[in-house]
There are 2 protein chains.
Amino acid sequence: MPTPAPHNPATCPGCAAPDLAFAAHDHAHCAADALARAHAITAASGARLTPVRRRVLEILLEDHRALGAYDVLARLAADGFGNQPPVAYRALEFLVEQGLAHRIQRLNAFTACAHPGEAHAPAFLICRSCHSVAEAEAAPARDALAHDAARLGFTIERTTIEALGLCPACKDQA
Amino acid sequence: MPTPAPHNPATCPGCAAPDLAFAAHDHAHCAADALARAHAITAASGARLTPVRRRVLEILLEDHRALGAYDVLARLAADGFGNQPPVAYRALEFLVEQGLAHRIQRLNAFTACAHPGEAHAPAFLICRSCHSVAEAEAAPARDALAHDAARLGFTIERTTIEALGLCPACKDQA
DNA sequence: GCTTGACCTGTTATGATATTACATACATAG
DNA sequence: CTATGTATGTAATATCATAACAGGTCAAGC
Ligand SMILES: [Zn+2]
Ligand SMILES: [Zn+2]
Ligand SMILES: [Zn+2]
Ligand SMILES: [Zn+2]
């Protein structure tokens, strides 16, 4: 599996609008763009964006929220795809591997990537009220951890950073 | 439920030996000390360290690893306690509330706290090979995230920071 | 001492999340 | 056209977690 292209902030829609998930925006364009990028990325890497995989990505792209595997599965089944768990889990795994989606540990759920194909492991800001998910820069937090880890002789391979709280819209409501 | 006492590094065994989980040490003393502190903490707060709860804490204290709820349950059942999931989950929930244990999201598992009663939400260094868990300082990483969150108008309430990797011992083996 | 009420424990049942194993279909290279 | 690798479908099962209720324990207040 080829590695995705390096991150280029100039062409990354997620970087251009970091508050995407929490702000009003032209989401139809946002989703269409992500889907187009997904086609380009998979074509470039030789991976196959098959109908099930593409449909799962479309479902995740419907909004900036996280969906459980069984929610995705129900949608797939309604569209005539298989309705056994592996159908959803395999497509989701593929998307995560390709950098087109992320898994949110805290929610046992998945969300479309806002910086598609950039081979990143972002931090997540998760609204506990509306389940919106925004991606934030994880590097500073990871660096802070690395110091402690080095002192203990621990080698960090992957880091999960997830913040639960309230997004601006839900805060206003309360 | 009264809030635990603030963190006092001078009296905190976890702070005195931050590499506890990954280094050879007098673990019998380490566990006995934690258990004694647990008695003191719960007595002070009026919470009841009942036989099941105490036994669960003892089980978690057997080493610096994370155990699943069903692993704990099997041990409880072998000791003559109830063998239905709520028995384990309730005791674990109690220990987490009291600051005597932590939940590791990444593993769906629980580990005894190395800084008992200090009302903290640490970062975790998790060995993917032996499942040892060390607690690290989460404040710097949290602070790094807070900047991004503030920019987006997101209010952080809780943060999960977990690093997966290899501990010194497992690294040497490989 | 008895009643009452809070809390803890046990148990049944079920729900939610995830994987293994195997069969079938399909694309593409040779 | 056939062999090969990859993707999908399906059944069965494993793993993690909670709801709902029944019964027991214990101490406060009468
Ligand atoms: Zn959008
Ligand atoms: Zn992303
Ligand atoms: Zn120890
Ligand atoms: Zn701790």
Interatomic distance, B:Phe154 atom CZ to A:Leu164 atom CG [nearest 0.5 angstrom]: 6.5 Å

Distance in angstrom units between B:Leu107 CG and D:dT15 P, rounded: 15 Å

Testing D:dT10, D:dT18, C:dT9 for proximity to the side chain of B:Pro86, the answer is D:dT18

Could you tell me which residues satisfy side chain to side chain contact (heavy atoms under 4.5 Å, CB included) with A:Ala47, sequence neighbours excluded, listed by chain and number? A:Thr42, A:Ser45, A:Phe94, A:Gln98

Measure CG/A:Leu73 against P/D:dT10 and give the value in whole Å, please. 11 Å

What is the distance from CG of A:Leu92 to P of C:dT19, rounded to the nearest Å? 11 Å

B:Leu76 CG to C:dT11 P: how many Å, rounded? 12 Å

The side chain of A:Gln84 is closest to which nucleotide in this list: C:dG10, D:dA11, C:dA18? D:dA11

Between B:Phe110 and A:Phe81, which has a closest nucleotide on DNA chain D that is more 5'? A:Phe81

Could A:Arg75 and A:Glu62 be called an ion pair, given the rule that one side-chain N must be under 4.0 Å from one carboxylate O? yes

Any base atoms under 4.0 Å from B:Arg48, or only sugar-phosphate, or nothing? Heavy atoms, all strands. sugar-phosphate

Would you indicate, yes or no, if C:dA18 has its OP1 or OP2 atom less than 4.0 angstrom from a side-chain nitrogen or oxygen of A:Asn108? yes

Whole Å only: how far is the CZ atom of A:Arg90 from the P atom of D:dG9? 8 Å

A:Thr50 side chain: which of C:dA13, C:dT17, D:dA7 is closest? D:dA7

Looking only at N and O atoms, is any donor in the side chain of A:Tyr70 or the base of C:dA18 less than 3.5 Å from an acceptor on the other one? yes

When you measure from the side chain of A:Pro85, which nucleotide among C:dT19, C:dA21, C:dT11 comes out closest? C:dT19

Rounding to a whole Å, what distance do you find between A:Tyr89:OH and D:dA11:C1'? 16 Å

Taking any heavy-atom pair under 4.0 Å as a contact, classify A:Arg53: base, sugar-phosphate, or nothing. sugar-phosphate

When you measure from the side chain of B:Gln105 to the backbone of A:Gln105, do you find a donor-acceptor pair of N or O atoms at a distance under 3.5 Å? no

With no hydrogens and no angle check, is any side-chain donor or acceptor of B:Ser132 less than 3.5 Å from a backbone partner on B:Arg65? no

Rounded to whole Å, please give me the gap between CD in A:Glu97 and C1' in D:dT6. 13 Å

Return the value, rounded to whole Å, for the distance between atom CD of A:Gln105 and atom C1' of D:dC16. 14 Å

